[in-house]
Every structure is written in C-alpha cells, then in structure tokens.
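Report on the structure given below.
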There are 4 protein chains.
Amino acid sequence: MQSGTRTFIEEARRSQIVACAIEVIATLGYANASLSRIAKLAKVSTGVISYHFGGKDELIQAVVAEVAGIATELMTPRIVSQATAADALRVYIEANLEFMRLHPKPLLALVEIVTHSRASDGGPGPYAAQHEIAIADLEKVLAWGRRTGEFRDFDLRTMALAIRGAIDAVPAQIAIFPDLDIDHLARELTVLFTLATRK
Amino acid sequence: MQSGTRTFIEEARRSQIVACAIEVIATLGYANASLSRIAKLAKVSTGVISYHFGGKDELIQAVVAEVAGIATELMTPRIVSQATAADALRVYIEANLEFMRLHPKPLLALVEIVTHSRASDGGPGPYAAQHEIAIADLEKVLAWGRRTGEFRDFDLRTMALAIRGAIDAVPAQIAIFPDLDIDHLARELTVLFTLATRK
Amino acid sequence: MQSGTRTFIEEARRSQIVACAIEVIATLGYANASLSRIAKLAKVSTGVISYHFGGKDELIQAVVAEVAGIATELMTPRIVSQATAADALRVYIEANLEFMRLHPKPLLALVEIVTHSRASDGGPGPYAAQHEIAIADLEKVLAWGRRTGEFRDFDLRTMALAIRGAIDAVPAQIAIFPDLDIDHLARELTVLFTLATRK
Amino acid sequence: MQSGTRTFIEEARRSQIVACAIEVIATLGYANASLSRIAKLAKVSTGVISYHFGGKDELIQAVVAEVAGIATELMTPRIVSQATAADALRVYIEANLEFMRLHPKPLLALVEIVTHSRASDGGPGPYAAQHEIAIADLEKVLAWGRRTGEFRDFDLRTMALAIRGAIDAVPAQIAIFPDLDIDHLARELTVLFTLATRK
DNA sequence: GATGAATGAGATTTCATTCAT
DNA sequence: TATGAATGAAATCTCATTCAT
C-alpha cells in the first residue's frame, strides 16, 4: 500500500505501533519482541498490527524504514555539506553517535533488527538490504575521499565494514553500560578512522 | 560434571551434538536454531540433548566453550609469541580471520550466540560475558603497546570495541558472500588498525 | 485482572473452562488433569486456556476460588445462623456432606487440589493456604463452643483437623463407591463429633 | 517373582531402592517422585529400577507392601494384645502416631501413595486396596468393641473412615509444621475417639 | 477500523521405559 | 546384574495469524 493511499488515522496508528515496536525491540531485544508485547505496550489488540501491517515482517520493515529514514534525513545533510571527504567521514561517525546519544532506542532497535534478522531457512533475511544500503552510503563517502586524494589507497568495502562494525557495536555497549560516555567514544572513533584513512 | 567423569561415548555424543549445533546456528542463525533442528541434524531425538546437556542453555554454553576454547588455543600462542605489540595486534587480526577462513561455521556460530544472546527481560544474557572476555583479551594487547610506547594515546576500550566490531562483522558477510576473499580482508584490516594505533 | 473488567464472553469461557477442569480433576484425579484433557473436554485448543488464565496455576487457582466461593456462600449462612455452637458444628458437617451429595464433583476437585498440591521442591504448594483457611474457619466454630461452655476442653486445632480429615475422606469414597449413602454418613459423623466435643 | 526366588543381593537392591523411594516420596511428594530422582538418590541408574521392579507401578507397590508390612508388624501385636476393644482403639491411634513420630517418612510416603494414586482413567488406582485393608483392619477393632458392648451403636465403616481420615491428615501437617507435637496430637485424638465410640 | 477470541504450530523439558553392552 | 544411552510421548507455554463481531 502506498503511503499516499493511507488516511490520516491510518498513518497515526502505524506511527504509534512502530514507536512501540522500537521501544520493545530496543528494550527487550529483537528475539523477545513479540507482537503481543508490542501490542500490549501500544494498548492495542494484536489483530490491529496484522490489520495495519499484514504481518510481523511488514511491521519490522516499517520500523527499519522509519528509523533509517529519520537517520538518513538527520545525518545525510550534515555529511554531504562538508567541504572535504575527511570532514564528511568525521561527521558521519559523529552524527551516528550523536543520534545514538539523543535517540538511543531507535538506532538500537535498527541495529538489533539489521544484525539479527535471518530468514527461517538461514538466508540473509529481509532487512539485510538495509545494512547493504548503509554500507553503500558509507562507501560513497570513502570513494569521495579516494577520488580527491584525501584518503590513502584502501579497499572501500573493507573500510566501510570496519567503520560500520565499530559503530554497530556501540548500541549493545549502551544496553550493558547505560552511562557510556558516547561523546568520548565519538571523539576516539573519529581520530581512529581519520588516522586509518588519511594519506 | 567434570570432563574427566564422562564416558568416551558420552564425550562423543556431546561433541557430535555440539558440532550439529554449530552447523545449525551458523547456517540458520541463532534465532532459528531450535533443539528440534539440531536434533534432527544429529539424527537423535530432542530428549537426547536434554539428557546430555540438561537443557538448551547448557548446550549453547558448551558451544561457546568449545569454540572459544579452540579459538583461544589456536590464536593465543601465535599472538603472545610476537616480539612487539604491533606485531601481536597484526597477528591477532590475522589469526581471527584465518580461523574464519579455515572454520567459518564455528566462529560464525560463536558470534551469533555472543552478539544475539539476551535475557528474556532484555538484560545482557548469559553469554555476554564471553564477549567481555574477548574485549578484555584484546585490551591487554593494546595495553602492552601503550606501555612499550609503540602505540599512540588512544582509549583502550574504544579501540578494542572497534577492532572486535570490525572482526565480528565478517562472519555475517561470509554468510551472505561465501566467496569473500578473507585474506584480502585480513590484510586490509591489519593495515587499517596498524595505522590507527601506531604513534 | 478484576472480574469487572472482563467481557461477558470472557467470563463465559472462563466459567466453561473452569467447569471442564472441575469435571476432569474430579473424574481423573489431580495428577491426570492435564491442560490437554481439560481443553479436549471443553472442545478448545490448549492455547485458549493459557490465553484466558495465563497458565495452569492460574486455572487451578480459579477452580479453587470458584468452588471455595460457592461452598462458602452456600454453607456459611446456614452455619452462622445457628443458635448454638453445637448446632453450628452439626450443620457444618451436614452442609459439607449435602454439598457433596448435590455437587460431588466440585468438592471432589477441590479436595483433590488442596490435598495433592505440592511445590516441585516438596514445599507446601500454592493451594495449601486454602486448606489452612478451611481449618481456621472450623476452628472458629469450635472456639465459639468452647467460649460458651458447650464444648469440652479439647485442642482446637486437633479437633478441626480430625473433623476436616473425616470430611475430606468422603470424596475419595464417593469416587470408589458412587452409591454411597451420604445422608447416612452425615448423620453418623454429626453424632460422632457431637459426642466428641460436648461437655 | 516370589520373594523366595530372589537372591540375597537382589533383596538388598530392592530394599535400598524402596528406601530411597520412601525418602523421595516423603520429601518431594508423590507427584514429584520420578524414577530419575529416586535413582539419583540411590546412586543407581534408572534401568536398575525397571530391572528389579518391572516398572514404576511395581516399585510403588513394593513401597506400599514394605511400609504396610512394617506398620502392621509393629502395631498389630500391640493392638491385639489389649484386654478391651477400647484399649485396642486407643493403642491403634497411639501406635499410628508413634510410628509417625519415630519414622515419619515411611508413613508419610504411604499416605501420599494411598491417597494420591489414581489410575490414568481416573479409576481407584492400584493401591486403593491397601487403604481398604487399613479400613477393614480398623473395622475389626471397632466390631470387637461393638460385640463386647463397650462401644455404642455406630456405623462401623463411617467410624473407621473418620478415624483413618483424622490419622491420615497428620503427615501433611507434619510436612508443613515439622515441629508438630505428635504426642499431644495422639492424646487429643485418643480422647476424641474414645468419647465418640464409648457407650 | 478495531477487538477479543481462538487456533495450531512449535519450543523446551521431563518422564517411564527399553536396549545394547 | 547393572549401566548409560536413547526413545517417544506428553505436558506447558508462547507465538503469529485469522476471524467473527
């Protein structure tokens, strides 16, 4: 169903449910996020979720789209407005971690979903694509720096995996140590990957 | 029960079941790894698993112990025998990725377990400790380099998280792209973190 | 959940399931009363029971509450309206046995639950409290007679245990000998305990 | 298999297992007394129990026979050696409670079995016969007193049920209140039933 | 649109029993 | 005789989904 075809109420319900799904996934983990628990938090019957989303897969997909959308929206402008690729990479890392600091749950939920989801036959799972998109976006920044000669001659994909790997490890740390100093982490990571990428 | 008190047959069965558990977890993912599927692969009834391991938790614990044991055994000597911390770090990364290349499934299973385990109330889960151990081990190598003056003045834990984050991202990539050139990946990562850590 | 917050249909289902649980427990015994059998008699799936009661414990608790409630409601007014404690004791026994004659299964189920419940570590079990309540209620009647001087100087608790022991032995007899003359039994027991308690 | 055809070792094993079964039943309750737990306490494999007893039913039967045998052996002489039926009844109660005080577990186990056992179709269960025997034995004492004119004109079976019901309620009380003053209980019960039976 | 009710599958665990050694 | 290993059934519980109202 296209977004344009939905009524205002329909959209409101969807948003509410997605928000509760984020809360539950971030709090209890992807494996413990059943429709019952999400419905209970939303003070809604489980049937509503199936009604609005067709099924759990679609709800999760909506969560991914929502969070990725917000994240992209918030972060992309800051990144692409930088004058140099090195600045863009630095801001990429800072923006990701700032987002975690400001809205830890959406990003924690997103990482939970993206890293945990697997099809029942073991295949990549329906949300692996999102991860691939994130990697690809990051590769673009790195390719920019390579093109301009700011960055040394590294493998784009490997570097992108390492950067995302480091960033994606953070939410789990936050879950364990809620008082984690994220700004400190951001500074350390920017220095780390600046040194790792510069010529 | 101590290992010494177990029969030869008991040990054989346990090993077989652990091997099947690794296979299933690596292939289908932690969330899809039910006792039924593990038992089916092992061509035994599910009761056998409870008989030999008491329960699922203990089986998973056995998998963790097995793989972590092998990995430590194979990697630690190579790492500690290095003359410099920089070499040790390089070998740490190389050894991890070589292990993935030689035995992709055990390490994929281990990473699945360690990163996915969460208590039903959302708490850290019983295997988070293993991750903490891995981080701590890595911190020791980094601390060594800091002590000898080989490494620059970075935050030990952040650097350890980044390195493990990058390494832990690899199994998922292998699952999606089985033909991944792991040696290439290893070379890139060693260069990356050498530049990131050196003075 | 308060009774008032439940739907009419919800209440009907609960009542039906409780009734089936009583039937099964009374007919097959507490140990043989599985959710499957109760569900089968109710012609619903086992999940329905968990849905309405959360779990087996809660269902059993509901049975206890239901039967104890009915029994108390039917018997207490008759007992307390007596002029003397001796009459009250006589009516206590008569009312209990009449209840057994009119509704043998609920009381048989109650006695099965109350006398058979044990925690898995051998502890008193969650329904032992109900037995204690029954004993305490009986002790009150006995204390009344002691206060008024109608009764001799016996130990309250021992007498209460003996009376309840005698009454609680009846359902099992009914199960074995369905044609048991309960009125005859009631007359004999009232005489017995009248002689045992009077001054 | 007749007792006479069993070897000494065979008998020793059976006794040991029966003793452990008593311990487990008395401690954990009939419902929680699995062969595994009995075997574990006996430091023996579960197969041994099936080997020596054919199955669980036969083991329980052996427990019943053993305890009932001991109890009868210890109590019957004391009872029948009394000069009057009133004394015999008094000694019957005293002997039962003294047995509980000296060897609480065997009798607790016996009562657990006799009162809890039910066939899977809800029928009387294979050990109800033992209860019937106990009732019948008690009826003989009561009949004696009726014959001699010591006792009033009560219904034999009802009185027997009441007495056994009172006695059988004691083990459960001991389980809940281990410090119960059994001698006190015995004195109270003998007075109670003396008054209830005398002319 | 929304709800509560119900289903049926699947998960883990425990149990009595059997069997090869 | 005895053991440890294995089975298969049964039990409880949870889940995603469907459906009548």
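Within every chain, numbering begins at 1; the chains are lettered A, B, ... in the order of the sequence lines, protein sequences first and strands thereafter.
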Which residue lies toward the 5' end of DNA chain F, B:Thr46 or B:Tyr51, if each is placed at its nearest nucleotide?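 It is B:Tyr51 whose nearest nucleotide is closer to the 5' end.
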Where [X] and [Y] come nearest, the two heavy atoms and their spacing:
X        : Y        : answer
C:Ile17  : C:Ile38  : O-CG2, 4.1 Å
C:Arg118 : D:Thr27  : NH1-O, 3.3 Å
C:Leu108 : C:Pro171 : CD1-CB, 3.4 Å
C:Asn32  : C:Leu28  : ND2-O, 2.8 Å

So which pairs with a foot in residues 36-47 of chain B pass side-chain hydrogen bond (donor to acceptor under 3.5 Å, both in side chains), sequence neighbours left out?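 Every pair satisfying side-chain hydrogen bond (donor to acceptor under 3.5 Å, both in side chains) with a residue in residues 36-47 of chain B: there are none.
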At the 4.0 Å heavy-atom cut-off to chain A, mark where contacts on DNA chain F begin and end, going 5' to 3'. F:dC15 to F:dT18
Please report the interatomic distance [atom1]([X]) to [atom2]([Y]), rounded to the nearest 0.5 Å.
X        : Y        : atom1 : atom2 : result
D:Glu112 : C:Thr115 : CD    : OG1   : 9.0 Å
A:Ser50  : A:Lys56  : OG    : NZ    : 11.0 Å
B:Leu35  : B:Phe53  : CG    : CZ    : 10.5 Å
C:His52  : C:Ile9   : NE2   : CD1   : 9.5 Å
C:Ile22  : C:Leu41  : CD1   : CG    : 11.5 Å
B:Ser117 : B:Ile60  : OG    : CD1   : 9.5 Å

Residues two or more places apart in sequence or in another chain: which of them pass salt bridge (Lys or Arg N to Asp or Glu O under 4.0 Å) with A:Arg13? none
Considering only heavy atoms, which members of residues 55-64 of chain B lie under 4.0 Å from some atom of DNA chain E? B:Gly55, B:Lys56
Within residues 13-44 of chain A: residues closer than 4.0 Å to DNA chain E (heavy atoms): A:Arg13
Dot-bracket for DNA chain F, 5' to 3', Watson-Crick and G-U pairs with both distances under 3.5 Å, [ ] for crossing pairs, | for partner on another strand, reads .||||||||||||||||||||
Within this structure, what is the CZ-to-C1' distance between A:Phe53 and E:dA2, rounded to whole angstrom?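 Taking CZ of A:Phe53 and C1' of E:dA2, I get 14 Å after rounding.
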State which residue, out of C:Ile70, C:Val111, C:Val63, C:Val67, fulfils the side-chain contact (heavy atoms from CB on, under 4.5 Å) condition with C:Pro106. C:Val67
Residue mapping more 5' on DNA chain E - nearest nucleotide basis, B:Gly54 or D:Gly54: B:Gly54
